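As structure tokens, the structure follows; a few thoughts come after it.
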Protein chains: 2
Amino acid sequence: MYRMVQFIIPPAPKTAKARAGRPKDASKKAGIIRAASSLFMKDGFELTSMEAVAKKADVSKLTIYSHFANKEELFKAIIHQRCDQQAMPECFMALAHLPVEKALIDLGHRLTSLIFSPDSLRLQRVMQAEATRHPQIIKIFFEAGPKRVRVAFGELLAEWVRQGKLRVDDIPVATEQYFSLIKGEMHQKALMLLAPKPTARELNKHIRAAVTLFLSGYQVKAGRS
Amino acid sequence: MYRMVQFIIPPAPKTAKARAGRPKDASKKAGIIRAASSLFMKDGFELTSMEAVAKKADVSKLTIYSHFANKEELFKAIIHQRCDQQAMPECFMALAHLPVEKALIDLGHRLTSLIFSPDSLRLQRVMQAEATRHPQIIKIFFEAGPKRVRVAFGELLAEWVRQGKLRVDDIPVATEQYFSLIKGEMHQKALMLLAPKPTARELNKHIRAAVTLFLSGYQVKAGRS
DNA sequence: GTAATACTGTACTTTTTAGTACAGTAAATA
DNA sequence: TATTTACTGTACTAAAAAGTACAGTATTAC
């Protein structure tokens, strides 16, 4: 039964068919998305009202409903858009020929500045809050964001193993460990508003400690079997 | 102005003064707390209605309002109560004379079975969802739960350092690293309902890997300065 | 120019829920 | 027994928000 889906022809490809009459205003839609984005990120799904979105976008409420079927669809559109923004430039492999320690520290800085950015924290908070009510969205978010980064890191690790710089039995496990150490508990606290943004000094110390521990487990030392 | 608060005498210490008339029924209150607890943990603050609590506790809505001023107070009472339950038996020091590796693995199992328990996951989810609206409660939750456990673990590490089994420069950092590794990303996924409960085998492997990495960084090897 | 569609503003319906009013009953103290 | 307080059930108020109806204006394709 499921196989058949692959052969179904998409129902009427009415793309930019210019269907007679005044066309929709793309700038209106963009304005709605911008307004909704900031409100959803600030207040979450439940506490953001469509009226507030309309007001902030300087648009009639009915205009919103002409672009998005309902509140859920609007929310999904916002999350999709923000996930795309969050994607990291996949330039991990460029680090493959640096000294391992330096590369890991550099990466640590880039990752922390991403995940501690106000936007990322807000998105993460909203996702967690809505986890039970929007499980599909969470999945999209995870695949588009965290997962891609981890895959790229795994490939970098594999390259270093090939170069004989690291000794890693289980790459997925090591990847998870690196990210766990880099995130640490500061991230959890930042999510819960329990800690102010860490200072540059704190971050530096944190990242160095994480990389040191990671390398003590995986770096190839002179004179090993 | 604020200082004065410290000197204000508590307004009439009517403790168990038996203030004439029918006394409040403690079992009603307990029933309300029990019902509210399960509902708040399931649906969070906003989506739990007082009517639902009343119905589940088999009690009149007004009875709830006679025991708790409003919904927020009821919620706070629930969180307090659950925090107290979550506290781990502080028997960490009993592990001080076991072999370090065995102790860390044992501890890892206890910690994971705590934080992956349905109750803990639910509490954590509710806390995260309500973080922005109830910052004071979050603080209480953190001090009563996670923080106490970390302090106890830090003392255990210090004891091992004293015994010459470990070499740890910065105990808070090492503590954070241990907990980060033990929690890993599985916990995050479990919170977001992205992963089913990990199997015993997976947990075992995960904990072993975490402890191995931790010890490779902090265990004293024969023949070191 | 005409028909079709987009957009606006206002007002409305519907639903949900926190919190209250009230009238009555039950259980304790004095 | 009289009084005071706890509890119940029903019905209510008030507010908030999703979504719709409608009447009118603006903008485009044909």
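Lettering of chains follows the sequences in order, A, B, ..., and the numbering in each one begins at 1. This is a predicted model, so every value here is computed, not measured.
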Point to revise | Shortest non-hydrogen separation from A:Ile182 to A:His206 and the atoms involved | key: O-NE2, 2.8 Å
Practice item. Look up atom CG in B:Leu157 and atom CD in B:Glu155, then write down how far apart they are to the nearest 0.5 Å. Key: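 One finds 10.5 Å between CG of B:Leu157 and CD of B:Glu155.
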**Study point:** NE2 on B:His134 to CD1 on B:Ile79, rounded to 0.5 Å
**Key:**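 Answer rounded to 0.5 Å: 9.0 Å.
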Once you round it to whole Å, what is the distance between [atom2] of [N] and [atom1] of [X]?
| X | N | atom1 | atom2 | answer |
| --- | --- | --- | --- | --- |
| B:Leu47 | C:dA18 | CG | P | 10 Å |
| B:Leu74 | C:dA18 | CG | P | 11 Å |
| B:Phe75 | C:dT17 | CZ | P | 17 Å |
| A:Met50 | C:dT15 | CE | P | 19 Å |
| A:Lys29 | C:dC7 | NZ | P | 11 Å |
| B:Glu51 | C:dT15 | CD | P | 16 Å |
| A:Ile64 | D:dA17 | CD1 | P | 14 Å |
| A:Glu73 | D:dA18 | CD | P | 15 Å |

Exercise for review: Begin with the C-alpha distance, continue with both residues' side-chain angles, and end with the deciding distance and a verdict on salt bridge (Lys or Arg N to Asp or Glu O under 4.0 Å) for B:Glu202 and B:Lys205.
Suggested key: CA-CA 5 Å; B:Glu202 287 171 330; B:Lys205 180 181 165 193; over 6 Å; no
Check your understanding: When every nucleotide of nucleotides 21-28 of chain D is labelled 5' to 3' by its protein contacts under 4.0 Å (heavy atoms), B for base, S for sugar-phosphate only, - for none, what sequence of letters results?
Key -> BB---BBB
Practice item. Could you say whether A:Asp58 or B:Phe45 is positioned toward the 5' end of DNA chain C, judged by the nucleotide with the nearest heavy atom to each? Key: A:Asp58
Practice item. With the side chain counted from C-beta on, respond yes when A:Leu181 and B:Leu213 share a heavy-atom pair under 4.5 Å apart, and no when they do not. Key: yes
Exercise for review: Please state whether the base of D:dG9 and the side chain of B:Lys61 form at least one donor-acceptor pair under 3.5 Å?
Suggested key: no
Point to revise | A:Phe45 and A:Phe40 aromatic ring geometry - parallel, tilted or perpendicular at 30°/60° bounds | key: parallel
Compare side-chain N and O positions of [X] against OP1 and OP2 of [N] and report whether any pair is under 4.0 Å apart.
| X | N | value |
| --- | --- | --- |
| B:Lys71 | C:dT17 | no |
| A:His67 | C:dA6 | no |
| A:Thr63 | C:dT8 | yes |
| A:Ser66 | C:dC7 | yes |

Review point. Between C:dG19, D:dC7, D:dA18, which nucleotide gets closest to the side-chain atoms of B:Tyr65?
Key: C:dG19
Exercise for review: Can you spot which of A:Gln85, A:Arg122, A:Lys42, A:Arg82 makes a side-chain hydrogen bond (donor to acceptor under 3.5 Å, both in side chains) with A:Ser37?
Suggested key: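 Output: one option passes, namely A:Arg82.
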